[in-house]
J.: 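Input: one structure, supplied below.
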Amino acid sequence: MTATRVLVLNSGSSSVKYQLLDMRDSSRLAMGLVERIGEETSRLKHTPLTDGGASRERTEPIADHEAALKAVAEELAEDGLGLDSPELAAIGHRVVHGGQSFTRPTLIDSAVLAEIERLIPVAPLHNPANLTGIRTARALRPDLPQVAVFDTAFHTTMPESAARYAIDVETADAHRIRRYGFHGTSHAYVSRATAELLGKDPSEVNVIVLHLGNGASASAVEGGRCVDTSMGLTPLEGLVMGTRSGDMDPAVIFHLMRVGGMSTDEIDTLLNKKSGLIGLCGDNDMREIRRRIDEGDERAKLAFDIYIHRLKKYIGAYYAVLGRVDAVAFTAGVGENAAPVREAAVAGLEGLGLAVDGDLNAVRGDAPRLISPAGARVAVAVVPTDEELEIAAQTYALIEKNI
Ligand code: ADP
């Protein structure tokens, strides 16, 4: 029997998200989430996706990642999909920061683990959790190939002119300060799927990808290669997000320290967790913001306008970076669902060949689709992202090559 299943693990500091896929047909066999690991109120929600099985929940305390993964393994085993199955080919791990070292999916060994560890200073929140997930999974199945798929990898093709900040080069290099970009798995998947939607090879098209979730980022993709992206050293840079400020004058930070008396940690929390849409109007869910706007709420309207203004600036900037744009693709929670955001983001850009057809924009659905008017110079598309499928596909492709 050929092993064709891939388990995708996305390990956060107190959570583990997982999906089990069968790469024969890219179907999903099970998915789930363990939340609040290490707390009394831990929860595991497991959903078998074969034979229409119902979701199951566990609410007992789950002490650590090892206990979490063991509980996940038990749930999978109950559906006949256990981690000891000979059909399991590999585990694919989402790893947030691969720095400049990792430009592609990588088979994990002790040297790879050491390098991911060396990158902790540039990803202090994410890489330790990712490492814990990998170590735990390796302990459970030491014989199984495990692959790291990096959020930063797709952006490693950015030229130095886009990747470097204009600060003293020695200082930047000493601290590995540069623009790395994130959401790379999504930008890779969506730019490729957009080319497919246009019936073209990715090498033939230039695409601006707008990944608008709670975190949000834009990328300029030229012939399948990323040439610029809006997130930087950390995911804080760029677009207005659910709770992050995105771009601002860095001197705001000195001002908050000197005049506002705030500590580094307080400012970190302010800019990452209490800014963006939630800082501007108290809500970070675009559905709630639209509802408030419909009721005439001025603060919600201002938050929306600031969000759109920044988004439009990035569309214009990446248009200039690419020179020729074949498509603008909207993806992730807001991009896939919020028609008013898509409409407002390209409003007034007819001169650039960009427009949205009202009827097409109002259609909902799970499939990639065009929302620009027939014959438009630039295609505007909604292309649902699928980071788990992309991680599974990259993982499987790598181990097939090595078999
Ligand atoms: P992340 O993966 O970054 O947590 P998602 O890509 O799942 O985020 O996007 C979550 C966001 O998508 C929500 O905060 C909400 O603003 C937005 N969203 C989800 N569904 C809708 C909808 N039907 N209409 C408008 N916005 C939506």
Side-chain angles (χ1 to χ4, degrees), residues 8-19 31-36 45 94 96 125-126 129-130 149 151-152 181-190 193 209-219 229-231 234-246 272-295 297 299-301 303-308 310-311 329-345 356 361-369 371 382-391:
V8 175
L9 286 182
N10 182 353
S11 307
S13 55
S14 65
S15 70
V16 176
K17 285 190 207 144
Y18 62 95
Q19 284 194 10
M31 62 190 290
L33 165 70
V34 190
E35 291 176 293
R36 299 191 288 276
K45 185 174 180 196
R94 175 187 183 216
V96 168
L125 294 180
H126 293 108
N130 299 156
V149 178
D151 252 28
T152 46
F182 298 89
H183 291 145
T185 310
S186 177
H187 287 283
Y189 176 87
V190 170
V209 178
L210 304 171
H211 176 111
L212 311 176
N214 198 28
S217 62
S219 69
T229 194
S230 60
M231 285 177 166
T234 78
L236 184 55
E237 190 179 344
L239 300 174
V240 176
M241 313 185 204
T243 66
R244 295 191 192 112
S245 62
N272 276 297
K273 302 247 163 71
K274 297 183 181 170
S275 296
L277 293 171
I278 207 158
L280 289 166
C281 74
D283 271 308
N284 64 332
D285 192 311
M286 193 52 83
R287 285 163 288 201
E288 188 56 18
I289 291 171
R290 291 302 310 173
R291 196 191 58 72
R292 284 173 54 187
I293 293 173
D294 289 343
E295 287 177 352
D297 186 317
R299 273 185 69 187
K301 172 80 170 61
F304 184 83
D305 289 348
I306 295 170
Y307 183 94
I308 295 296
R310 183 84 51 85
L311 192 54
F330 287 89
T331 195
V334 175
E336 291 168 30
N337 296 297
V341 168
R342 298 191 296 254
E343 184 187 335
V356 157
N361 193 29
V363 174
R364 304 185 65 87
D366 295 333
R369 57 195 183 275
I371 57 170
V382 179
V383 180
T385 192
D386 195 336
E387 288 167 280
E388 289 77 17
L389 174 60
E390 180 69 14
I391 291 172

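Each ligand, and each atom within it, is numbered from 1 in the order the structure gives. Position 1 is the first residue of the sequence; numbering continues from there.
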J.: Yes or no: does E387 have any heavy atom under 4.0 Å from an atom of ligand 1?
T.: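 No, E387 has no heavy atoms under 4.0 Å from ligand 1.
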J.: Between H211 and H187, what is the ring plane arrangement, given parallel below 30°, perpendicular above 60°, and tilted in between?
T.: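 Correct class here is tilted.
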J.: Can you check whether T385 reaches E336 side chain to side chain, under 4.5 Å on heavy atoms?
T.: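 In contact.
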J.: Please could you name the atoms of ligand 1 that G215 approaches to less than 4.0 Å, counting only its heavy atoms?
T.: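 Those of ligand 1 that fall under 4.0 Å from G215 are 3 (O).
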J.: If I apply the N/O under 3.5 Å rule, does M286 come out as touching ligand 1?
T.: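 In this structure, M286 places an N or O atom under 3.5 Å from an N or O of ligand 1.
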J.: If I take atom CZ from residue F182 and atom OG1 from residue T152, how far apart are they, to the nearest 0.5 angstrom?
T.: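 Going from the CZ atom of F182 to the OG1 atom of T152 covers 6.5 Å.
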J.: Nearest protein heavy-atom contact for atom 4 (O) of ligand 1: which residue, which atom, what distance?
T.: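 Ranking protein heavy atoms by distance from atom 4 (O) of ligand 1, first comes N214 CB, 3.8 Å.
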J.: Say you draw a straight line from CE of M241 to OG of S217; how long is it, rounded to the nearest 0.5 Å?
T.: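 Between M241 CE and S217 OG, I get 7.0 Å after rounding to 0.5 Å.
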J.: Quick one: does L125's side chain get under 4.5 Å of S13's, heavy atoms only?
T.: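 A side-chain contact under 4.5 Å is absent here.
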J.: By number and element, which atoms of ligand 1 are closer than 4.0 Å to a non-hydrogen atom of A332?
T.: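 So the atoms of ligand 1 that pass are 6 (O).
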J.: Measure from the side-chain N and O atoms of R290 to the backbone N and O of P340, and report whether any donor-acceptor pair falls under 3.5 Å.
T.: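 Checked: no pair found.
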J.: Please tell me if the side chains of V383 and F330 come closer than 4.5 Å, counting only heavy atoms from C-beta onward.
T.: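 No. Closest side-chain heavy atoms not under 4.5 Å.
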J.: Identify, for atom 18 (N) of ligand 1, the protein heavy atom at the shortest distance, and state residue, atom and that distance.
T.: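 In this structure, atom 18 (N) of ligand 1 has G333 O, 3.6 Å as its nearest protein heavy atom.
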J.: Could you check atom 25 (C) of ligand 1 against the protein and tell me its nearest heavy-atom contact, residue, atom and distance included?
T.: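 Scanning the protein heavy atoms, the shortest distance from atom 25 (C) of ligand 1 goes to R287 CG, 3.5 Å.
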J.: Could you identify the single nearest non-hydrogen protein atom to atom 23 (N) of ligand 1 and state the distance to 0.1 Å?
T.: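 Minimum-distance protein heavy atom for atom 23 (N) of ligand 1 reads N337 CB, 3.4 Å.
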J.: Please report the C-alpha distance between N214 and R244 in whole Å, then the side-chain angles of each, then the deciding distance to 0.1 Å, and finally whether the side chain to side chain donor-acceptor pair (under 3.5 Å) criterion is met.
T.: CA-CA 9 Å; N214 198 28; R244 295 191 192 112; over 6 Å; no
J.: Considering only protein heavy atoms, determine whether one is less than 4.0 Å from atom 2 (O) of ligand 1.
T.: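 No.
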J.: Return the closest protein heavy atom for atom 17 (C) of ligand 1 as residue, atom name and distance.
T.: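 Residue, atom and distance for the closest contact: V334 CG2, 3.6 Å.
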J.: Could you find the nearest protein heavy atom to atom 14 (O) of ligand 1 and give me its residue, atom name and distance?
T.: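 Its nearest protein heavy-atom neighbour is N284 O, 3.8 Å.
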J.: With a cut-off of 4.0 Å, which atoms of ligand 1 are near a heavy atom of R364?
T.: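 The list of qualifying atoms is 23 (N).
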J.: What protein heavy atom is closest to atom 15 (C) of ligand 1, reported as residue, atom name and distance in Å?
T.: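 Ranking protein heavy atoms by distance from atom 15 (C) of ligand 1, first comes D285 OD1, 3.5 Å.
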J.: Please say which of R94, H126, H183 ends up in a side-chain hydrogen bond (donor to acceptor under 3.5 Å, both in side chains) with D151.
T.: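 With D151 as partner, side-chain hydrogen bond (donor to acceptor under 3.5 Å, both in side chains) holds for just one option, R94.
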